[in-house]
Amino acid sequence: MPRCLEPTDATIAEAAAALEAGGAVVFPTETVYGLGADTSNPVALRRVYELKGRPADNPLIAHVLDADMARLLTNDWNDRAAALAAAFWPGPLTIVLSRSANVPREATGGYATIAIRSPRHPVARALIEKFGRPISAPSANRSGRVSPTCVAHVMADFANEDDLIVLEGGASDLGIESTVVDLAGLAAVILRPGSVTASMLADVLDEPVEVQQHTGQAASPGTRMSHYAPRTRAELLAGAAISEALSRLHGRGIVLTIGKRVLPAPHMAITMPRDPAAYAARLYAALREADEADGDLIIIERPAERSESWQAVLNRLERAAIRDA
Ligand code: TXA
Ligand code: MG
């Protein structure tokens, strides 16, 4: 089992020393837990890919304390980056910029750009501050699995990793991964929607911000279609179509309903919140519960609302309901 530590000055120092020695440390953030390693250490970064079972061309996010630390990683800290960092850091926004020559290729999956974010969670910040340099961290789940929003999820995915240090930080406030915005091109483009929406970015940049649509092969490998999938087959259905789908099903359906709903045996309902932020905070734990409920099919009730505040959640739901061929 990994070693799970309550964050104190002493355990943060121990975790920072482990990073210094080329080890990996799981730490909490306000979005999801991250599996961190020293951005400047190619061997440590390769270990992170290996631990996750992550394809080597799927780039990592470098976590920094602030804009000053971000400048160490890019040769293009431009006005747009500065404006977004001033408005949204620390917080759930990742900025993609051209990477500087000193960043090892392992930190960016070989990309010429680097993704950078300054997290808000106090334990993440204390760790970066103590370590003193950027920490590259993907979400702390096995590749292709649902991101972890609490330590129990991390433990479930990495049960056999005795060398791993896990810093405890409670349940993640936001529950879905950061917004990734690409500033390396002419137009600002959202590669992965999150709590910071296109209109929030557009307001600060004073220019339109597009959301990249996912049609099969996406530009950012981590945003490929089936990525947030539970192991059990999942379908995304409108509320009105659920009863019929259950009546056709030979077996047990596990249904994520929006608001309370009573289902006939042997089916089971997991009640989800009606508010998009609360829904997001609950989503990954609910998908893991649904997976463990011994069903034959997971049905996710499609949120009826199309407003921007549901966009990040809808993106994850659509991808949970798709399986790679
Ligand atoms: O909220 C988060 O962002 C969490 C916490 C731990 O900070 N991290 C996270 O990391 O979700 P990960 O590795 O699971 O997702 C990183 C996403 C992937 O979709 C990846 O393809 C994209 O960011 N990404 C990273 N570097 C990129 C780059 N240079 N260009 C385009 N996309 C990039
Ligand atoms: Mg991930």
Side-chain angles (χ1 to χ4, degrees), residues 1-5 14-29 31-64 73 94 96 99 102-117 119 124 127-128 131 133-169 172 177-178 180 192 218 220-231 284 288 291 319 324:
M1 287 290 268
R3 263 197 321 133
C4 187
L5 305 175
E14 187 183 342
L19 291 173
E20 199 66 62
V25 171
V26 174
F27 60 94
T29 87
T31 58
V32 301
Y33 277 68
L35 172 64
D38 179 355
T39 300
S40 68
N41 184 337
V43 178
L45 296 169
R46 265 181 251 135
R47 174 95 180 105
V48 164
Y49 280 90
E50 191 187 305
L51 275 168
K52 274 191 66 107
R54 183 174 176 114
D57 65 350
N58 189 350
L60 307 178
I61 295 173
H63 294 70
V64 298
L73 300 170
T94 295
V96 174
R99 82 171 150 98
N102 62 323
V103 174
R105 51 179 294 114
E106 285 82 355
T108 66
Y111 277 54
T113 50
I114 183 159
I116 312 172
R117 155 166 130 83
L127 181 64
I128 300 166
F131 183 55
R133 300 197 303 280
I135 301 174
S136 291
S139 51
N141 52 284
R142 299 267 185 204
S143 186
R145 303 276 302 131
V146 176
S147 292
T149 54
C150 65
V151 161
H153 299 166
V154 176
M155 292 304 202
D157 276 17
F158 295 102
N160 300 325
E161 302 300 335
D162 297 337
D163 299 341
L164 199 58
I165 291 180
V166 177
L167 289 172
E168 171 67 71
S172 299
E177 305 84 351
S178 61
V180 177
R192 180 176 71 183
S220 184
T223 57
R224 72 178 180 275
M225 296 301 282
S226 167
H227 185 67
Y228 299 92
R231 291 197 179 95
Y284 289 149
R288 282 179 186 254
D291 232 357
R319 291 155 49 158
D324 285 332

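On a predicted model such as this, the values are computed, not experimentally measured, just so you know. In what follows, residues are counted from 1 in the order of the sequence shown.
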Quiz item: Do you know which of Ile135, Ile114, Leu45 makes side chain to side chain contact (heavy atoms under 4.5 Å, CB included) with Leu60?
Solution: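 Result: among Ile135, Ile114, Leu45, Leu45 is the only option passing the side chain to side chain contact (heavy atoms under 4.5 Å, CB included) with Leu60.
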Which pair of non-hydrogen atoms, one from [X] and one from [Y], has the smallest distance, and what is that distance?
X	Y	answer
Asn41	Gly22	ND2-CA, 3.7 Å
Pro148	Ala140	CG-O, 3.3 Å
Pro59	Tyr49	CA-OH, 3.8 Å
Pro28	Ala124	O-CB, 3.3 Å
Pro42	Ser40	CD-O, 3.3 Å

Can you find a heavy atom in the side chain of [X] that is under 4.5 Å from one in the side chain of [Y]?
X	Y	value
Asn141	Val146	no
Arg3	Glu14	yes
Arg54	Leu35	no
Ser172	Tyr33	yes
Leu167	Leu127	yes
Ser178	Arg192	yes
Cys4	Met155	yes
Ile165	Leu5	yes

Quiz item: So, Arg99 versus Thr108: side-chain donor-acceptor pair below 3.5 Å or not?
Solution: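 There is such a pair (donor and acceptor under 3.5 Å, judged by atom type) between the side chains of Arg99 and Thr108.
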Quiz prompt | Separation of Arg288 CZ from Ser147 OG (nearest 0.5 Å) | solution =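 These two atoms lie 8.0 Å from each other.
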Quiz item: How many angstroms lie between atom OG of Ser139 and atom CD of Glu177, to the nearest 0.5 angstrom?
Solution: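 Taking OG in Ser139 and CD in Glu177, the distance rounds to 6.0 Å.
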Quiz item: Checking side chain to side chain contact (heavy atoms under 4.5 Å, CB included) for the pair Thr39/Leu73: CA distance, chi angles, key distance, verdict?
Solution: CA-CA 9 Å; Thr39 300; Leu73 300 170; 4.1 Å; yes
Quiz item: Please walk me through it: do Ile128 and His63 pass side chain to side chain contact (heavy atoms under 4.5 Å, CB included)?
Solution: CA-CA 8 Å; Ile128 300 166; His63 294 70; 3.9 Å; yes
Quiz item: Should His153 and Phe158 be marked as a side chain to side chain contact (heavy atoms under 4.5 Å, CB included) after you check the CA-CA gap, both sets of side-chain angles, and the distance that decides it?
Solution: CA-CA 9 Å; His153 299 166; Phe158 295 102; over 6 Å; no
Quiz item: Would you say Asp38's side chain and Leu19's backbone share a donor-acceptor pair under 3.5 angstrom?
Solution: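 Absent.
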Quiz item: Can Arg117 and Thr31 be said to form a side chain to side chain contact (heavy atoms under 4.5 Å, CB included), step by step?
Solution: CA-CA 11 Å; Arg117 155 166 130 83; Thr31 58; 3.1 Å; yes
Quiz item: Is the count of non-hydrogen atoms from other residues, nucleotides or ligands lying under 6.0 Å from Arg105 atom CZ greater than 12?
Solution: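 Result for CZ/Arg105: open.
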Quiz item: Does the ring of Phe131 carry Arg133 above it, NZ/CZ under 6.0 angstrom from centre and within 45° of its axis?
Solution: yes
Quiz item: Taking 4.0 angstrom as the limit, do Glu161 and Arg47 come out as a salt bridge?
Solution: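 Salt bridge flag = yes for Arg47 with Glu161.
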